[in-house]
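The structure appears right after this line, and notes come after that.
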Protein chains: 4
Amino acid sequence: MSIEADVKTRGKREETKANNRQAILDAARRVFAELGYGATTVRDIIRATDLASGTFYNYFKSKEEVFQALQDDTALRVRPRLRAERIRAATFEEFIAGTFRTFFDFVKNDQTSLATMRRNPELQRMRIDTPEVIAGFEELRADLETAIRNGVMPDTDADLLMAAMVGVAFEVANHMISRSDVSAQDAAEFATALFLGGVHALPKRKRPKAT
Amino acid sequence: MSIEADVKTRGKREETKANNRQAILDAARRVFAELGYGATTVRDIIRATDLASGTFYNYFKSKEEVFQALQDDTALRVRPRLRAERIRAATFEEFIAGTFRTFFDFVKNDQTSLATMRRNPELQRMRIDTPEVIAGFEELRADLETAIRNGVMPDTDADLLMAAMVGVAFEVANHMISRSDVSAQDAAEFATALFLGGVHALPKRKRPKAT
Amino acid sequence: MSIEADVKTRGKREETKANNRQAILDAARRVFAELGYGATTVRDIIRATDLASGTFYNYFKSKEEVFQALQDDTALRVRPRLRAERIRAATFEEFIAGTFRTFFDFVKNDQTSLATMRRNPELQRMRIDTPEVIAGFEELRADLETAIRNGVMPDTDADLLMAAMVGVAFEVANHMISRSDVSAQDAAEFATALFLGGVHALPKRKRPKAT
Amino acid sequence: MSIEADVKTRGKREETKANNRQAILDAARRVFAELGYGATTVRDIIRATDLASGTFYNYFKSKEEVFQALQDDTALRVRPRLRAERIRAATFEEFIAGTFRTFFDFVKNDQTSLATMRRNPELQRMRIDTPEVIAGFEELRADLETAIRNGVMPDTDADLLMAAMVGVAFEVANHMISRSDVSAQDAAEFATALFLGGVHALPKRKRPKAT
DNA sequence: CATGAATGAGAGTTCATTCAT
DNA sequence: GATGAATGAACTCTCATTCAT
C-alpha cells in the first residue's frame, strides 16, 4: 500500500463507513418490507448486502437497533416537512390541513415505510417510540397545546387529541395504500374535515377562555 | 363396561381436551402480553403451562395458529356486546356513543388483549384479519352504510369512515391504558364527541340530505 | 352385552387378534415398499391401518420386530416351494435350475417383497438374518454340501458357493424387476447356465472323488 | 498486512476447511460402520468430531449428503485401481481375474466401507447410485460389451452379466469379511473360477462366434 | 383388549454472535 | 475495519411409548 493511499485512507475510511451503514439500513428496509420485522433475521439483512456477517456488528448491535435507526431515519425525513408546514400555516385550520396533507403525501411516496406494516402479520404499524419519533409527536402535541392556549380550539386533553389525530392519520393511510382509488389529496381532505369538525364540536373542559 | 360408563368416559376425555386447549390459549395470551408476539416461542407458551411440549402440537400446528385462535377468541367476546349495543341504539348518535363505550370498557377490563400491543416493539396492535375480526369490522361498516343510506349522516366513503373510527378507538385506547387518570367513560365521551362532531361537519358527497 | 355374545367372545377375540396382527403386517409391507424401511415410522404403519396407535404395541414391540416378522413371513412362503423343488429334482443340475426358477417366479409375483429394496436409498436387499431366513439359507447350504459329498459337484467351500448363488440370485432379480423385457424364465435360464457352468469349472479342493 | 500474509491467511483458512470436511467424512465413516446408516444421527457424527454442532451444516446439508459424499469418495478410490487392472490385462480372463482380485483386496483393507453394511439391520450393502458409483458400474459393463463384441466371450445380455458379477463380488466379500479363514486371494480365485467357467458355458445368443 | 391423548427425549436445524485471520 | 467459519444455545417439531379411560 503506497504512502499516498495511506494519506487518503482516513477520508476514504469515513466514506466507506457511511456507505456501509447506509447499505445495511437500505437492505433492512427492503427486507423488513418483504418478510416483516418478526420473520427477518440479521442473516437476512446481511445477505441482502454485499458485506460479511461480522461487519454488521461494527454498525449495529442487533436487529432491534437497525429497526430503531430506520424509524429515526424516517422520522428525520418527515419532521422538517411538517415543521415547514406548521410555520407556513396562518390559522389552526391551515395547520391541521397542512399536517395531514404532508403526512399522506409522504406515505404515498415512501411506500416501503408503510408497506412494512401491511405485509406484516404482526405489525399494524411501526412502533413509535424511538427518540426521533417521540420528538415528532411531542412537536405535534406542543402545537395543539399552543392552539388551546391561544383559544383557537376548545380546551381539551391534548394527549387524547394527539392520539385521535395520529389514529386517524395512520388508519386512513392504511386504507389509502390498500385502495388505489384514494389519492393523498382525498385522504387529506377527508381527515381534515372530520378532525376539524370534531374538534370544534368538543365540549370545553375547565379553563375558561380569556377574553 | 356399562353404557353409562362409556358415556362418562367420553365425557372426561372431551373435558380434558377442552381444558388443555383453553390452558394453552390462556398461557399464550399471557406470554404474548409479556414478551410480545415476535419474541415469544412455542416453548415459552408450553412452559407457562403444566403440559408437555409435545402436547402443544396436538392442539395447534404453530405459534401463528394459536395467535389466530386468540384473535378469534377475543373478537368472539366483543362482537356480541357491540351487536347488543347497536340494537339498543335508537339514533345514530347513540349507536356511535354505545360502540365507543363498549369498546373502551372491554379494553379496560381485558387488559392483556391490548397490553399485548403495548409491550411489543413490533406490534402496534394485533393484526386484524382473522375471519372473526374481519367479520366484526364488516358489521361496523355495514352499520355506517345503513346510516348513510338512511340519511342520518353525510354521504361519505364508508371505508374511510370506518378507518377513522377504528383509528381513533385504538389509539385513544392505547393512551387510556398508559394513563391512569383516563377512565373508559372519559375516553368514550371524548371519542364520541370528536367523531360525531367530525361526521356532521363532513362535506356531502353526492346525495343531498333532504331538508 | 348379551350372554350369547359373551359365549362367542373367546372365539371372536382370537379371530380379531389374528386379523389385527395380519392387518399390521400387511400395512407394514405396503408402507415399507412405499417409503423404505428407514423412513417408515411406526406411526406410518398404524395410519395405514384402522387401528389405534396403542394397539400396535399389543402385537409388536417395535418397527424392527414387524420387519423381522415380515421377513419370516416371506421366507415361510418361499421355503416350501424350494423344498418341493429340491425333492422333485433328480439331478444336481435340475436342483439348481429348479431353485433359480422358483426364486425368480416368486420375486416376479410378489413384487412388494422386493420392491421394498428397490425403493430404498438405504436398503440394497433385505437383511437376511431372521431365524426363518437363516433356516432357508441353511437348507440351501446343506443341499450343496450333500451334492459335494455325493460327488456330483466339485469339492469347494460350500459357504462361498452359497454366497455366490445368493448374490447372483438377488442381483439378477433386481435387474429383472427394473427391466420389463426380462422374464422370470430368462433370468432363471441365465443364472442356471452361468452358475452350473461355473461350478463345473471350479478346481477340486482336496478330497478326491471316489471312483 | 503484507501480500505474503494475505496468501498465508487464505492458505490457513482453506486448510482448516479441508481438514474439517475430512474430519466429518472420517467420523461419518466410523459412525456409520458402528451404528449403521439408519440409526446414525447427524448429532452422532458431530459428537465423533471435535467440532460444534452447527459446523456440520457449513459442510453438508444432511446425513444423506455426507453419505453420498462418502460413497463417491469410496468409488473414487477404487475406480483408478480397477482401471489400471483393466489396462494391464492382456486377455479377457486376466481382466476378470484382475478385477475380482482388486476388489477383494480393497474390501479387505478398507473394512469400514463394507463393515457399514454388515452391522446394519437395514443395509445389505451400500446403495449404489451416486454418480461416481454408477460410473464405475458403467465402466464394467462397457468392458463386458467390448469383450462380447471382440468375440472373446459368448454374446449374452451384458446387463445380466454385470449383475451376476456384482452379486458374486459383494456377496462373497460379505462372507470373506465375516470369516477370518478366507483371504482376499482365496475369494478372488473362487469368484474368478466360478464366473469364468460360467461365462464360457453360457449359450450363445445370436451372433455366432467365428470359427 | 382397543383407544388415542399425553409425554418428553431427542432429532434436525437455525441463528446471533465471536474471533482468528 | 472487513471477513466468514466456528460456535453452541435454543428452537421447532416428531416420534415411540405409556396409560387412563
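All chains are named by letter (A, B, ...) in the order of the sequence lines, taking the proteins before the strands, and each is independently numbered beginning at 1.
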Any side-chain heavy atom of A/Leu25 within less than 4.5 Å of one from A/Tyr59? no

Side-chain donor-acceptor contact under 3.5 Å, D/Asp44 with D/Thr41: yes

Under 4.5 Å between any side-chain heavy atoms of D/Phe60 and D/Val42, yes or no? no

What is the distance from NZ of B/Lys17 to P of F/dA20, rounded to the nearest Å? 19 Å

Phosphate-side-chain proximity, A/Asn20 and F/dA2, N/O vs OP1/OP2 below 4.0 Å: yes

Looking at every heavy atom in both B/Ala28 and B/Val66, which two are closest together, and how far apart are they? CB-CG1, 3.8 Å

Please state how far atom CD in D/Glu15 lies from atom P in E/dT21, giving the value in whole angstrom units. 11 Å

In whole Å, I'd like the distance from the CZ atom of A/Arg21 to the P atom of F/dG1. 14 Å

Which is more 5' along DNA chain E, the nucleotide nearest C/Leu51 or the one nearest B/Asn58? Just name the residue. C/Leu51

Atom CG of C/Asn19 and atom C1' of E/dC1: how far apart are they, to the nearest Å? 14 Å

How long is the gap from CG on A/Leu70 to CD on A/Gln68, to the nearest 0.5 Å? 10.0 Å

For B/Thr55 and for C/Thr55, find the nucleotide of DNA chain E with the closest heavy atom, then tell me which residue's nucleotide is more 5'. C/Thr55

Contact pattern, 5' to 3', of nucleotides 12-17 of chain E - B, S or - by protein heavy atom under 4.0 Å: BBBBBB

Nearest heavy atoms of A/Val31 and A/Ala48, plus distance in Å: CG2-CB, 3.7 Å

Nearest-0.5 Å distance that lies between atom CD in D/Glu14 and atom NZ in D/Lys17: 5.5 Å

C/Arg30/C/Asp26 salt bridge by N-O under 4.0 Å criterion: no

Between OG1 on residue C/Thr55 and CD1 on residue C/Ile24, distance to nearest 0.5 Å: 7.5 Å

Give B/Tyr59 one of three labels, base, sugar-phosphate or nothing, depending on what nucleic acid heavy atoms sit under 4.0 Å from its own. sugar-phosphate

Minimum-distance nucleotide to C/Ala52 side chain [options: F/dT7, E/dA5, E/dT3]: E/dT3

Roughly, in whole Å, what's the span from CD in B/Glu14 to P in E/dT3? 17 Å

Give DNA chain F the dot-bracket treatment, 5' to 3': Watson-Crick (N1-N3 with N6-O4 or O6-N4) or G-U (N1-O2, O6-N3) under 3.5 Å, [ ] crossing, | other strand. .||||||||||||||||||||

